[in-house]
Asks: 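This is the structure I have questions about; it appears just below.
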Amino acid sequence: MNAIVKTSNLDINRPILSKIVEWITPLPDYAVLLGMANDGFPVLLNAQDTGSNNIVIWDKLARQSLHILKVISEYLFFHHKSKEIEFIVLTLYPEDYGELNKYGMGMKGKTSCIGIIPFGSKLAEQVMAGLAGWIHERHNSSKQPVIVLVDGLENVEKMSVEFQNHFRYLLDMGRRKNVYVVGTSSKSLFHKVQKWLDGFGIEIYGKDVEYEFEFLEGKNSILFYTPRTEMI
């Protein structure tokens with residue numbers, strides 16, 4: 001772990017994600033990597049623990065939180081060995097997820113990426129309804145964990161009433177079925193996302209450098225940075 005560079009003055013010299021994964025392997029099967037703390041340890045979401053919280057990331061700089069969403073996406077798609085965690089991205093900017101768009105929808109279980117789905121699309125409505133329905137139903141067998149990456153929580157209010165109701169259910173009940181939400185926004189848009197915030201137990205704040213963040217859960221605070229991604 002000592003080989004990991006500290007966050008100050010990293011910029012283009014900060015480690016790439018593939019190298020980070022080499023250094024920290026093995027991780028638990030259900031760990032989702034968010035970034036690397038100043039002490040050289042990974043910052044993780046446990047996708048097998050129903051006590052894990054949904055996460056909201058606040059941008060200080062324009063779309064700063066995209067760094068974390070890309071780390072999560074690339075880690076789960078290209079580096080997570082067990083392939084036991086799926087993820088969905090809801091965004092206005094599918095092009096930001098570049099190479100992942102080549103793989104299409106992963107509904108048949110061929111990839112960990114269920115889809116890069118535009119806000120405002122019929123598909124976004126269908127996927128959210130499907131997730132809410134699955135969470136509500138009783139099942140004898142469990143589905144693998146799903147991470148829902150909401151790139152711009154402020155866009156939820158532009159969706160249909162049905163979508164918003166399903167999203168609320170996802171926030172309130174999803175964790176019991178290992179479905180978690182990682183959402184992003186800017187404090188300047190607080191008024192547009194305020195009604196959803198009681199569904200998030202962890203806040204991450206962007207710092208003055210675009211890839212540096214502070215993780216806050218209760219009284220715990222961790223400063224961390226995001227590795228460079230290569231694939232997306």
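Residues: numbered from 1 along the sequence shown.
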Asks: When you look at N53 and F200, which way does the side-chain contact (heavy atoms from CB on, under 4.5 Å) test go after all the steps?
Replies: CA-CA 6 Å; N53 284 303; F200 296 89; over 6 Å; no

Asks: Could you check whether any side-chain N or O of Q64 sits under 3.5 Å from a backbone N or O of K207, counting only pairs where one atom can act as donor and the other as acceptor?
Replies: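 Looks like yes, one N/O pair under 3.5 Å.
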
Asks: Has N54 got a side-chain atom pairing as donor or acceptor with G199's backbone, closer than 3.5 angstrom?
Replies: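 At least one qualifying donor-acceptor pair exists.
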
Asks: Could you tell me whether a side-chain N or O of T91 sits under 3.5 Å from a main-chain N or O of Y93, the two making a donor and an acceptor?
Replies: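 Judged by distance alone, yes, a pair lies under 3.5 Å.
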
Asks: Listed by chain and number, what are the ring pair (Phe, Tyr, Trp, His ring centres under 6.0 Å) partners of Y75, not counting sequence neighbours?
Replies: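 Y75 satisfies ring pair (Phe, Tyr, Trp, His ring centres under 6.0 Å) with H80 only.
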
Asks: Is any side-chain heavy atom of L131 less than 4.5 Å from a side-chain heavy atom of H166?
Replies: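 A side-chain contact is absent here, since even the closest heavy-atom pair is not under 4.5 Å.
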
Asks: Does any non-hydrogen side-chain atom of F167 lie less than 4.5 Å from one of M159?
Replies: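 In short, these two side chains do not touch, never coming nearer than 4.5 Å.
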
Asks: Would you say the side chains of S65 and D59 form a donor-acceptor pair under 3.5 Å?
Replies: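 The criterion, which ignores hydrogens and geometry beyond distance, is satisfied for D59 and S65.
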
Asks: With no hydrogens and no angle check, just 3.5 Å: does a side-chain donor-acceptor pair link Q164 and K195?
Replies: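 The answer is yes; a qualifying pair exists.
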
Asks: I want to know whether Y211 and Y225 have ring centres closer than 6.0 Å.
Replies: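 Between Y225 and Y211, which both carry aromatic rings, the centre distance is not below 6.0 Å.
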
Asks: List the atom pairs, with distances to 0.1 Å, where a side-chain N or O of residues 15-22 and a protein N or O form a donor-acceptor pair under 3.5 Å, not counting sequence neighbours.
Replies:
residue: S18; atom: OG; partner: E230; partner atom: OE1; Å: 3.0
residue: K19; atom: NZ; partner: E22; partner atom: OE1; Å: 3.3

Asks: One pair to check against side-chain contact (heavy atoms from CB on, under 4.5 Å): N165 and E162. What are the steps and the verdict?
Replies: CA-CA 5 Å; N165 288 340; E162 290 78 10; 5.6 Å; no

Asks: Testing F215, F41, F213 for side chain to side chain contact (heavy atoms under 4.5 Å, CB included) with I222, which one passes?
Replies: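 Testing each of F215, F41, F213 against I222, the sole residue satisfying side chain to side chain contact (heavy atoms under 4.5 Å, CB included) is F215.
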
Asks: Give the C-alpha distance, both sets of side-chain angles, the deciding distance and a yes or no for side-chain contact (heavy atoms from CB on, under 4.5 Å) between M36 and F224.
Replies: CA-CA 5 Å; M36 297 299 296; F224 72 100; 5.8 Å; no

Asks: Regarding K70 and D96, does a basic nitrogen lie under 4.0 Å from an acidic carboxylate oxygen?
Replies: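 A salt bridge is absent here (no side-chain N lies under 4.0 Å from a carboxylate O).
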
Asks: Can you check whether Y169's main-chain N or O pairs, donor with acceptor, with D172's side chain at less than 3.5 Å?
Replies: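 No, D172 side chain to Y169 backbone: no donor-acceptor pair under 3.5 Å.
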
Asks: Is there a donor-acceptor pair closer than 3.5 Å between any side-chain N or O of S185 and the backbone N or O of G152?
Replies: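 Here the side-chain-to-backbone pair does not exist.
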
Asks: Got a sec, which residues hit side chain to side chain contact (heavy atoms under 4.5 Å, CB included) with P118, two or more places apart in sequence or on another chain?
Replies: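 Per chain and number, P118 pairs via side chain to side chain contact (heavy atoms under 4.5 Å, CB included) with P94, S121.
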
Asks: Would you check if there is a donor-acceptor pair between the side chains of Y97 and D151 at a distance under 3.5 Å?
Replies: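 Checked: D151/Y97 side chains pair up, N/O donor to acceptor below 3.5 Å.
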
Asks: Can S112 and E86 be counted as having a side-chain donor-acceptor contact under 3.5 angstrom?
Replies: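 S112 vs E86: no donor-acceptor pair found between side chains.
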
Asks: Begin with the C-alpha distance, continue with both residues' side-chain angles, and end with the deciding distance and a verdict on side-chain contact (heavy atoms from CB on, under 4.5 Å) for L34 and I55.
Replies: CA-CA 11 Å; L34 306 178; I55 300 172; 3.9 Å; yes

